[in-house]
Amino acid sequence: MAGFDKVVTSYNEAMAGLEDGMTVIAGGFGLCGIPEGLIAQIKHQGTRGLTVVSNNCGVDGFGLGVLLEDKQISKMVASYVGENALFEQQLLNGELEVELTPQGTLAEKMRAGGAGIPAFYTATGVGTPVADGKETRNINGRDYLLEPSITGDFAIVKAWKADRYGNCIYRHTAMNFNPMAATAGKITVLEVEEIVEPGELEPSQIHTPGIYIDRVIKGEFEKRIEKVTTKQENQ
Amino acid sequence: MAGFDKVVTSYNEAMAGLEDGMTVIAGGFGLCGIPEGLIAQIKHQGTRGLTVVSNNCGVDGFGLGVLLEDKQISKMVASYVGENALFEQQLLNGELEVELTPQGTLAEKMRAGGAGIPAFYTATGVGTPVADGKETRNINGRDYLLEPSITGDFAIVKAWKADRYGNCIYRHTAMNFNPMAATAGKITVLEVEEIVEPGELEPSQIHTPGIYIDRVIKGEFEKRIEKVTTKQENQ
Amino acid sequence: MALSREQIAKRVAMELQDGYYVNLGIGIPTLVANYIPDGIEVILQSENGLLGMGPYPSADQVDADMINAGKETVTAATGAAIFSSAESFAMIRGGHVDLTVLGAFEVDQNGNIASWMIPKKLVKGMGGAMDLVAGAKNIICTMTHANKHGESKLLTECSLPLTGVGCINKVITDLALLEIKDGAFHLLERAPGVSVDEIIAKTQGKLIVSEDVPEMTFS
Amino acid sequence: MALSREQIAKRVAMELQDGYYVNLGIGIPTLVANYIPDGIEVILQSENGLLGMGPYPSADQVDADMINAGKETVTAATGAAIFSSAESFAMIRGGHVDLTVLGAFEVDQNGNIASWMIPKKLVKGMGGAMDLVAGAKNIICTMTHANKHGESKLLTECSLPLTGVGCINKVITDLALLEIKDGAFHLLERAPGVSVDEIIAKTQGKLIVSEDVPEMTFS
């Protein structure tokens with residue numbers, strides 16, 4: 001069964017092969033559903049000059065934000081990069097390049113990358129700064145932008161439960177960008193809360209089939225919350 | 001709750017509004033996961049001049065094949081149309097037009113149609129008769145075809161269980177083309193084996209969210225099998 | 001008198017129809033959920049992957065894995081569905097959401113909207129706003145009619161970089177409800193106690209005013 | 001002697017490697033599943049939406065909702081995943097399947113394949129074959145070396161409409177195992193008892209033959 005036992009037991013193994021200048025696609029939305037241990041490992045390894053593709057860049061001191069501390073990210077592709085003073089500072093200093101991409105376009109670019117679709121048309125961004133330098137084409141009377149897909153050298157993904165084949169499920173809205181990120185890495189590393197036996201996950205309820213996954217590691221998660229909002233406070 | 005009670009109790013209501021010359025997208029793969037009662041209703045209504053988009057066209061006397069009996073289909077978009085003598089005959093007579101589409105391209109065209117993507121590039125079919133009349137474009141050193149998306153006036157879909165919101169799950173490989181078909185109809189009608197109470201389906205295990213579904217009807221299914229293969233016969 | 005944020009939200013809520021799937025943006029639009037009229041049911045879509053957003057949780061229900069697009073902790077309503085960001089924007093881009101409510105810096109008489117970028121200020125990103133305005137069938141923009149210097153935000157032509165082109169149908173401000181069509185703002189309702197003259201004075205874009213502009217009612 | 005269908009399948013199976021995700025086409029390729037070498041594990045993908053195809057069911061396990069791409073009733077192996085056709089072809093098109101085995105009418109020295117359409121005969125459709133050949137990293141084509149009239153099916157240039165361009169790496173016929181590269185068939189192995197001369201005679205395309213061509217072994 002060696003061929004399909006994708007479980008690794010150390011973070012060094014999990015991120016082996018990550019080199020300076022590579023592109024890393026990361027799942028997560030804000031701090032929700034992020035591969036905390038894999039991010040910490042990238043910080044630990046000290047890999048530099050990374051292009052990171054993720055909806056957000058974490059916050060100061062948590063999530064992808066920690067990779068800013070030692071200036072490991074040279075380019076960020078994201079839809080929203082607020083809540084991060086260090087990001088702001090490095091951007092203004094010219095130490096960090098940012099490519100802002102509409103959220104739905106970003107999700108679809110990752111999916112397309114994983115699905116072997118090199119480019120697709122979308123109405124999102126027509127007539128806006130997002131259209132600069134892109135082909136605009138009229139199809140059936142409406143204008144659309146041509147958007148190229150995204151793939152990464154690595155994808156880092158957080159799921160709830162996985163088996164050793166890499167089949168996995170996500171928990172609640174911690175799914176977000178993770179399923180697309182999982183498909184778009186040359187090497188996809190999955191960090192999970194729990195490793196289960198093959199067969200425990202119902203086949204038609206698996207969110208990401210193991211074929212996309214190269215390595216699986218069990219992590220411990222802090223699961224920090226950006227905005228705790230409760231009934232008492234708000235209603 | 002009227003606004004979200006999508007359950008109808010008669011097949012007349014289920015297919016109300018279907019008119020001659022419309023495009024109908026149908027889920028299913030061969031005879032597996034087909035909306036049997038909705039197909040029977042189209043036959044019963046006698047609607048003609050239909051363009052039907054589905055991976056296959058059933059077999060003689062079952063599945064979409066029954067719509068051939070009274071020549072209700074004028075054009076079929078499919079990837080494989082074997083196992084159907086009547087189909088063959090009408091095609092040779094010029095009574096039926098067929099647009100053969102690679103299976104993966106067909107699935108993606110339906111998904112794109114539902115997802116507001118008017119066209120995408122794929123390597124499938126480059127250099128083959130499928131490329132005739134289509135734009136071929138080199139992207140990053142490889143040739144790709146531009147494929148337009150597909151939408152239908154109606155989509156007819158078969159699921160296992162649904163709630164009155166139209167949230168549904170499919171059973172085993174009866175999923176096949178149904179999830180994409182569900183997204184691509186102006187009116188999408190879902191025929192299911194069982195209607196369950198809202199909340200019975202775990203939110204993150206729903207295959208097709210109800211937003212895509214307009215009407216839900218409980219059906220009775222024969223579930224004919226094309227090729228019964230068993231261990232005894234084959235091993 | 002100019003409407004409060006809550007009153008704007010309340011007026012927006014009256015635009016909801018039974019059976020609508022609705023996406024509510026951050027800020028005033030979020031408040032709309034508190035004023036859904038009796039007797040109708042709407043389902044709230046949150047673009048991070050939740051259809052059927054419920055109320056905020058009680059303190060002991062708070063779950064880091066259950067948030068909305070504003071990154072607030074929320075609950076899932078009965079009958080909710082949860083899915084990926086790609087699926088979520090397939091819904092949005094594909095026109096399956098019936099109504100989107102969002103804020104803006106500026107709108108113009110051609111339905112253009114600017115809501116994400118002020119040059120020389122730090123750009124935080126457009127999030128899902130460009131996808132929402134490109135995909136929604138029906139968009140209501142909520143905003144103050146003028147900025148704090150009294151300058152109109154309803155313009156002949158947006159001055160800021162756009163979020164979307166020709167996509168806004170309706171604007172509900174602290175002063176008025178306006179429809180955008182045929183290259184003009186059409187004044188349909190005014191806030192209680194606000195004069196037509198004040199609205200004319202604070203609208204830079206082309207404004208069509210009928211003879212009798214009713215005051216808003218809230219029920 | 002020319003290989004039987006089972007022997008072709010057996011030789012193909014020796015190309016499998018531990019940890020491969022494999023898509024097996026209809027016909028001879030399907031038989032490959034019966035000869036997976038001991039000590040290795042492969043996972044079979046069926047393009048109707050099944051990763052981890054198991055053996056045929058016993059009579060009482062037969063389930064109309066559990067079929068493969070050949071529309072045969074099958075089972076799901078432990079650790080299987082089931083998904084939509086769009087997801088299935090995302091895997092295929094995206095190059096995530098390690099090996100595809102399929103039949104053909106013709107292949108040529110440039111790796112082109114014709115497998116779905118014979119002009120003047122009724123066209124039944126390409127099914128998933130075009131997607132499979134465009135997406136797979138690694139494709140083995142199984143076929144008889146010549147047709148029943150003795151005419152070669154390994155050609156300079158395919159005469160039938162193509163399924164895919166420049167995509168076939170390896171051909172395993174009833175007579176030989178050949179690699180396609182640099183615009184030629186390279187004869188790597190011959191079937192036991194089949195002479196190099198017979199293979200040369202039955203190969204119309206450019207054929208590179210090394211000094212010593214070993215006979216196939218099956219273990």
Side-chain angles (χ1 to χ4, degrees), chain A residues 1-7 25 107-120 149-152 155 159 161-169 179-188 190 195-216, chain D residues 16-23 36-54 63 65-68 74-100 128 130-137 164 167:
Chain A
M1 305 285 280
F4 291 106
D5 190 357
K6 300 176 181 177
V7 177
I25 300 181
E108 191 67 16
K109 281 160 88 89
M110 291 185 193
R111 179 192 177 272
I117 290 170
F120 58 90
S149 63
I150 294 179
T151 55
K161 298 180 183 182
D163 63 26
R164 67 167 175 268
Y165 295 99
N167 295 311
C168 69
I169 59 172
M180 288 75 70
T183 67
K186 279 193 205 108
I187 296 177
T188 293
L190 185 65
I195 291 171
V196 301
E197 286 303 308
E200 277 190 47
L201 303 175
E202 169 69 24
S204 58
Q205 297 294 8
I206 287 165
H207 291 129
T208 295
I211 196 169
Y212 295 112
I213 307 297
D214 296 284
R215 304 169 190 165
V216 180
Chain D
L16 301 173
Q17 292 183 22
D18 194 27
Y20 263 15
Y21 291 96
V22 182
N23 183 291
I36 296 167
D38 288 344
I40 73 164
E41 191 185 19
V42 301
I43 290 182
L44 302 179
Q45 204 258 14
S46 192
E47 65 265 27
N48 58 319
L50 173 58
L51 185 71
M53 182 167 64
D63 186 329
D65 292 337
M66 185 63 89
I67 65 168
N68 66 15
V74 291
T75 56
T78 301
I82 293 172
F83 35 80
S84 73
S85 300
E87 180 62 49
S88 184
F89 284 95
M91 281 174 199
I92 290 166
R93 200 188 302 106
H96 302 278
V97 173
D98 296 297
L99 176 65
T100 285
M130 284 193 186
D131 309 281
L132 281 159
V133 299
K137 295 176 198 167
C167 51

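Throughout, protein chains are lettered first and strands after them, A, B, ... in sequence-line order, and every chain is numbered starting at 1.
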Can you name the nearest heavy-atom pair linking D/Ala80 to A/Asn167, along with the distance?
O-ND2, 4.5 Å
Heavy-atom pair count under 4.5 Å with chain D, highest-scoring of A/Gly199, A/Ala112, A/Ala184, A/Gly114
A/Gly114
Please lay out, stage by stage, how D/Tyr21 and A/Tyr212 fare under the test ring pair (Phe, Tyr, Trp, His ring centres under 6.0 Å).
CA-CA 10 Å; D/Tyr21 291 96; A/Tyr212 295 112; 9.3 Å; no
CD1 of D/Ile43 to CZ of A/Phe4, rounded to nearest 0.5 Å, is 4.0 Å
What's the separation between atom CD1 in A/Ile211 and atom CG in D/Asp98, rounded to the nearest 0.5 Å?
7.0 Å
Given that the side chain runs from C-beta out, which part of D/Val42 has a heavy atom under 4.5 Å from chain A: side chain, backbone, both or neither?
backbone
Can you tell which of D/Gly135, D/Gly49, D/Ala90 has the highest number of heavy-atom pairs within less than 4.5 Å of chain A?
D/Ala90
Which of D/Arg93, D/Glu87, D/Gln45 touches chain A most, by non-hydrogen pairs under 4.5 Å:
D/Arg93
Rounded to the nearest 0.5 Å, how far apart are CD1 of A/Ile206 and CG of D/Leu51?
8.5 Å
